[in-house]
Amino acid sequence: LAKTTQPISMDSYEGQEVNITCSHNNIATNDYITWYQQFPSQGPRFIIQGYKTKVTNEVASLFIPADRKSSTLSLPRVSLSDTAVYYCLVAPGDSGGSNYKLTFGKGTLLTVNP
Amino acid sequence: DGGITQSPKYLFRKEGQNVTLSCEQNLNHDAMYWYRQDPGQGLRLIYYSQIVNDFQKGDIAEGYSVSREKKESFPLTVTSAQKNPTAFYLCASSTPGEDEQYFGPGTRLTVT
């Protein structure tokens, strides 16, 4: 499985756009990039997944360059409630769709200040 | 409401005792997983099951056991052989064709 590297922590202020970058130099051809969010003492929650270029949903955008060796999670206009740990994961997108080999690193603790 | 439930939220046990953590889902998902999370760390996979009556070891299965007799249920037993059982335990489920794993609220186990 491809290893991911992301910053340990980031600070931001309410209303700002936050970009969290993740590097995954050894990503395989059939790997997808997935981001999860975790609040203290809760289970992680899926945010977004992508394979290449740009993916956008109601919560975030995911930018993936052509070489796919990195990705950037973009959170528009963060609020205090976005304070959480954000995990970048790389996992095979098999035909079954069950990513049973998910590997969660330490993630990035995003702190949003007033 | 569909989802995953874990009970209890907090669990305390004496060293040397086995303890079973409950995980139930009504999402009709085929696959279920158990993760362990230590303070300031990511999640580590303990066991997973892709179908009823079948399960596989994850990265840190030693000292744990599971069963999958029903599609909805995937209980985890923390045995006395687990050297450092105190942790936050998370159960998840997923289904083919969907990209994400759905997590339960977790059980915080403290062994003294």
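Computation of the quantities below employed the complete heavy-atom set of this structure, encompassing side-chain atoms and omitting hydrogens, waters and symmetry-equivalent molecules. Proteins get letters first, then strands, A, B, ... in listed order; numbering begins at 1 in each.
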Can you get from [X] to [Y] by hopping between Ile, Leu, Val, Met, Phe, Trp and Tyr side chains that sit under 4.5 Å apart?
| X | Y | result |
| --- | --- | --- |
| B/L43 | B/I46 | no |
| B/F74 | B/V78 | yes |
| B/V52 | B/Y33 | no |
| A/W35 | A/M10 | yes |
| A/V78 | A/I20 | yes |

Check whether any side-chain heavy atom of [X] lies under 4.5 Å from a side-chain heavy atom of [Y], and answer yes or no.
| X | Y | result |
| --- | --- | --- |
| A/F104 | B/L45 | no |
| B/P105 | A/Q42 | no |
| A/R45 | B/E100 | no |

Ranked by heavy-atom pairs below 4.5 Å to chain A, first place among B/R108, B/K9, B/Q37, B/H29 goes to B/Q37
Considering only heavy atoms and a distance below 4.5 Å, find which of B/Q56, B/Q6, B/Q41 pairs most often with chain A. B/Q41
Assess whether atom OH of A/Y13 is packed by more than 12 heavy atoms of other residues, nucleotides or ligands within 6.0 Å. no
Counting neighbours of CG on A/L80 that are heavy atoms of other residues, nucleotides or ligands and sit closer than 6.0 Å, is the number greater than 12? yes
Can you confirm if the aromatic rings of B/F103 and A/F46 lie within a centre distance of less than 6.0 Å? no
Is A/Y36 reaching over with its side chain to a backbone N or O of B/Q101, donor-acceptor style, under 3.5 angstrom? yes
Closest heavy-atom pair, A/G43 versus B/L90, reported as atoms and distance to 0.1 Å, is CA-CD2, 3.4 Å
So for B/R44, is it side chain, backbone, both, or neither that comes closer than 4.5 Å to the heavy atoms of chain A? neither
